[in-house]
Amino acid sequence: MSSGKEIIVMPSILSARMGFLAADCRRAMAAGAAGLHVDIMDGRFVPNLTMGPDILRAIREDLPEADLHVHLMVMRPDLYAPRFMEAGADTVLIHVEAEGDLRGTLEGIRAAGRRAGLTLCPETPVSALDGYEDVLDEVLVMTVHPGFGGQAFMESGLAKIEAIARRLPTVDIAVDGGITTETGARCAAAGANVLLAGSFLFKAADMRDTLADMRWKAQAAWKGNGMEGK
Ligand code: DX5
Ligand code: ZN
């Protein structure tokens with residue numbers, strides 16, 4: 001993923017069928033996905049558990065060209081970011097609410113040639129990004145409480161996206177949770193350019209058509225497309 005700021009749509013494989021994970025990852029890439037969003041949960045930062053680095057490595061081996069966008073919902077990203085990079089992550093997003101040396105972790109992700117991002121939970125204000133501006137390739141705004149797929153979009157994310165877009169105009173702004181064609185376009189209108197969607201894409205009758213429609217409508221609505229007000 002480049003930071004030339006373009007609209008990117010990625011399926012979140014939290015909504016894939018875990019017994020057919022390889023098939024569903026291939027299906028998502030064949031549907032035109034820019035990459036795969038991979039949710040890592042440790043049962044401490046959020047009350048759910050997902051996958052470890054070996055699963056990511058298996059996805060990487062099966063899909064060498066896929067952009068792997070790893071969202072670490074873990075209490076100690078300083079301990080786990082290196083392991084997921086070693087397993088093949090291209091982007092590593094950590095939570096600003098997590099423990100440990102967050103700045104050092106973000107610097108380490110960049111030093112390894114990967115993209116680094118900070119994630120904000122719904123209750124966390126944009127001011128939590130203070131002091132990290134120079135080590136961010138991406139900011140992820142959660143529009144649900146992290147931990148589970150299939151929750152309803154929280155409107156409160158829109159004002160945060162607008163504030164981040166004003167403050168960090170060159171940084172990619174991602175949105176995660178309850179994203180559909182409709183909520184994705186609203187987030188794009190607020191300034192988000194990376195749309196992450198789990199249940200909406202994996203439940204779609206035709207993932208390719210739905211993904212293309214999401215991208216097209218977000219592109220038309222997007223603040224960063226230079227067309228606003230025209
Ligand atoms: C939630 C995860 C999301 C999740 C989104 O904690 O971070 O990536 O897959 O699922 P949907 O799109 O179904 O809300
Ligand atoms: Zn996620």
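We count ligands from 1, going down the list as the structure has it; atoms in each ligand are counted the same way. Just so we're clear, the structure is a prediction, and the values are computed from it rather than from any experiment.
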Cationic N near anionic O, under 4.0 Å, D130 to R167: yes
Run through ligand 1 for me and note each protein residue having a heavy atom under 4.0 Å from it, chain first, then residue number. S12, L14, H37, D39, M41, H71, M73, M142, P146, G147, F148, G149, G150, D176, G177, G178, A197, G198, S199
Solution key, residues 197-207 side-chain donor-acceptor pairs under 3.5 Å, sequence neighbours excluded:
{"unit_1": "D206", "atom_1": "OD1", "unit_2": "R208", "atom_2": "N", "d": "3.0"}
{"unit_1": "D206", "atom_1": "OD1", "unit_2": "D209", "atom_2": "N", "d": "3.1"}

Could you check whether S12 and D39, counting side-chain N and O atoms only, form a donor-acceptor pair closer than 3.5 Å? yes
Does the plane of the ring in H71 sit parallel, tilted or perpendicular to the ring in H95? Use 30° and 60° as the thresholds. parallel
So, are R26 and D62 salt-bridged, with charged N and O less than 4.0 Å apart? yes
State whether a side-chain donor-acceptor pair under 3.5 Å links T91 with E138. no
Heavy-atom side-chain contact between L56 and R60 under 4.5 Å: no
Do V194 and H37 touch side chain to side chain, with heavy atoms closer than 4.5 Å? no
Holding to side-chain contact (heavy atoms from CB on, under 4.5 Å), I want the full list of residues that pass it with A112, two or more places apart in sequence or in another chain. M85, R114
Sort by chain and number the protein N/O/S atoms that are closer than 2.8 Å to the Zn ion (ligand 2), and list them. H37 NE2, D39 OD1, H71 ND1, D176 OD2
